[in-house]
Amino acid sequence: MLKIHNSLTGVKEEFKPLSANEVRMYVCGMTNYDYIHVGHARMLTVFDLIQRYLRSVGYAVTYVRNVTDIDDKIIERAAANGENWADLARRFTTAMHEDCATLELQAPDLEPRATEYIGPIIAMTQTLIDKGYAYVAGNGDVMYSVRKFAAYGRLSGKKIDDLRAGSRVQVDDAKLDPLDFVLWKHAKPGEPSWVSPWGDGRPGWHIECSAMSTSLLGSYFDIHGGGEDLKFPHHENEIAQSCAACGTPFVHMWMHNGFVRVNDEKMSKSLGNFFTVREVLKTLRAPEVLRFFLLSSHYRGPINYSTAQLAQADETLLGLYRALKDAGASGPMDEQWLARFRGAMDDDFNTPEALAAMQGVARELNQAKASGNSSKAASAAATLRAMGAVLGVLQQDPDTYLKRSVGDKTMSDTDVEALLAARQAARAAKLFAESDRIREQLTAAGILLEDKAGGATQWRRA
RNA sequence: GGCUAGGUGGCAGAGUGGUCAUGCAGCGGCCUGCAAAGCCGCGUACAGCGGUUCGAUUCCGCUCCUAGCCUCCA
């Protein structure tokens, strides 16, 4: 039984799709005006994992992740660059796709872009006006009237009065209430705009997601995800818009992933403490290391980004690949370990516990290898691989993986093999001083050796 | 100030009312020409103070501390 923590109720709930065996899931994706950083990678990885797991247990998943391609930040950045805003958004959306592909994230089934949904956005805005939830403000913007929506604040646990008291929002003359938010912004000179019943303008951020999600998944769907920081006001506003416009409940389960931190502070553009996926990947043995790192703590908690943590993820992953090496991967799976693994994942996607199950399998695999029980080893390897497939790790050829280096290679494979042959000859002649000298030479070049029983030597890169 | 999450062994990180997390690092042993890897074994935890309980790291209360949201943000 799959249980998921529902941010709306604050507790883990048994997951039951609204429509049998079908899961409709929407995740707030990126506003693409720059390269994605590790914080974004966590959100993308978490929901990639979730949709993979839902599929692996047999659900027919429709995974929608949008792209915001019109926004203040895009316009500002484009202006600063002297670049066309649409070109800039396209350029960084392409870059995001490249990064996602490198990280082996499965592409969402649908990836709507805000500018493709101007029609539905206008229609929804009009409906909100017609139903009395929205009004045209004095400055030409269309605003949502928060006080008209009784359930406002339910998701974020905020009370409208508290929000007013602590509000840092400038009291704008155009708003009837400081908490009202914009659905449609009137065009300022030189800004991109679309024709609307309220004059030329562009959509507000919140309405985009309401329009895209309900257009593609219907007015009431199973899962809506995003970063913790979107809970308020973005998701709160989505609920207000969608419920009011559609007259139905909006989302069954809300899911929010925790932040990536750097020295106990949220990684963010504004703090300037961010690392782009591109720069981080250059320092890693494989993109898989970043995924493994992100999966090594629970998706709802914070995770601290540091090179030490990344190094540990690398080390742990290497150990798993070492276990897999020369073990084959066939035979019956170990149902006990599989059950523990599934139990962990069924418990609100508890990846650290799932990883612990994988370690247990790896230990048994190593035991089987040590005792020469190759069929048991192959069976354990198959189990481990299957678990890895669910998490999106451990799918590479072990030997190839182990020979990868962090950064540039300091010695070619052929040079390594040549020195290994010389060392082998020395060992055969019991010239251990010479063989140790060669080993040290290789170690200095970042090549680590393992002499196996029977005289063979395996190597890998540090 | 309001609201929401947390504070677990050297580090990372799950979890539980009473028996094991797991990984890295450390220590001892096996294996090895020596290593490495692996295996076996060992140790060190539950912020503080009260309360409930036969028994609490786990439940309740208070205190302290941290982070996040309350403005764009994954």
Side-chain angles (χ1 to χ4, degrees), chain A residues 7 10 27-31 36-47 65 68 71-73 76 153 156-159 161-170 179 181 205 225-234 236 256-261 264-271 274 292-293 296-298 300-304 306 308-309 311-320 322-323 325 340 344 347 350-360 362-371 402 427 430-433 435-436 439-440 443 448-453 457-460:
Chain A
S7 305
V27 172
C28 289
M30 294 294 308
T31 299
I36 64 168
H37 61 59
V38 176
H40 303 130
R42 163 120 107 149
M43 176 275 288
L44 296 165
T45 301
V46 161
F47 290 103
R65 191 184 66 213
T68 296
D71 171 88
D72 290 348
K73 292 240 166 93
E76 282 165 27
S156 52
K158 293 178 190 302
K159 298 189 188 85
D161 291 338
D162 292 343
L163 284 167
R164 285 211 184 87
S167 182
R168 282 184 265 163
V169 182
Q170 275 197 321
L179 294 175
F181 57 90
W205 178 41
E228 225 183 338
D229 48 358
L230 298 190
K231 215 185 220 181
F232 188 90
H234 185 54
E236 199 71 72
H256 294 94
N257 67 276
F259 298 127
V260 174
R261 295 187 193 171
D264 286 332
E265 274 186 327
K266 175 183 173 185
M267 180 184 289
S268 69
K269 309 258 329 173
S270 49
L271 287 169
F274 63 93
F292 195 88
F293 160 70
S296 65
S297 70
H298 187 84
R300 277 189 286 121
I303 186 169
N304 216 47
S306 71
Q309 292 259 67
Q312 191 173 313
D314 181 47
E315 206 54 56
T316 306
L317 201 45
L318 280 173
L320 257 14
R322 271 196 297 268
K325 186 172 155 54
R340 183 171 161 193
D347 183 17
N350 190 338
T351 50
E353 175 62 21
L355 255 19
M358 290 174 71
Q359 291 292 347
R363 188 175 353 99
E364 290 193 357
L365 203 177
N366 283 326
Q367 285 167 346
K369 279 163 85 173
S371 66
L402 293 169
R427 289 181 72 214
K430 300 215 185 294
L431 299 172
F432 293 123
S435 79
D436 288 351
R439 182 167 64 197
E440 275 162 36
T443 303
L448 304 180
L449 307 188
E450 287 175 38
D451 294 329
K452 310 301 280 189
T457 296
Q458 290 178 350
W459 64 275
R460 64 189 169 89

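Convention: sequence-line order gives letters A, B, ...; per-chain numbering from 1.
Judged by distance alone, the side chain of K369(A) and the main-chain N or O of A323(A) form a donor-acceptor pair under 3.5 Å.
Phosphate contact (OP1/OP2 of C24(B), side-chain N/O of Q359(A), threshold under 4.0 Å): absent. In this structure, K325(A) does not reach the A37(B) phosphate: none of its side-chain N or O atoms is under 4.0 Å from OP1 or OP2.
Rounded to an integer number of Å, the gap from K369(A) NZ to C30(B) P is 23 Å. Rounded to whole Å, atom C1' of G23(B) lies 8 Å from atom CZ of F292(A). In this structure, F259(A) atom CZ and A67(B) atom P are separated by 13 Å, rounded to whole Å. The nearest whole Å value for the distance from the CD atom in E440(A) to the C1' atom in C34(B) is 11 Å.
Between R460(A) and E450(A) there is a salt bridge, since a side-chain N of the basic residue sits under 4.0 Å from a carboxylate O of the acidic one. A salt bridge is defined here as a Lys NZ or Arg NE, NH1 or NH2 lying under 4.0 Å from an Asp or Glu carboxylate O, and R340(A) with E353(A) meets this definition.
In this structure, a donor-acceptor pair under 3.5 Å is present between the side chains of D451(A) and T457(A).
In terms of polar N and O atoms assigned as donor or acceptor, the side chain of D436(A) comes within less than 3.5 Å of the base of G33(B) in a complementary pairing. No hydrogens or angles were tested; on distance alone, a donor-acceptor pair under 3.5 Å links the side chain of K73(A) to the base of C72(B). A donor-acceptor contact under 3.5 Å links the side chain of Q312(A) to the base of G23(B).
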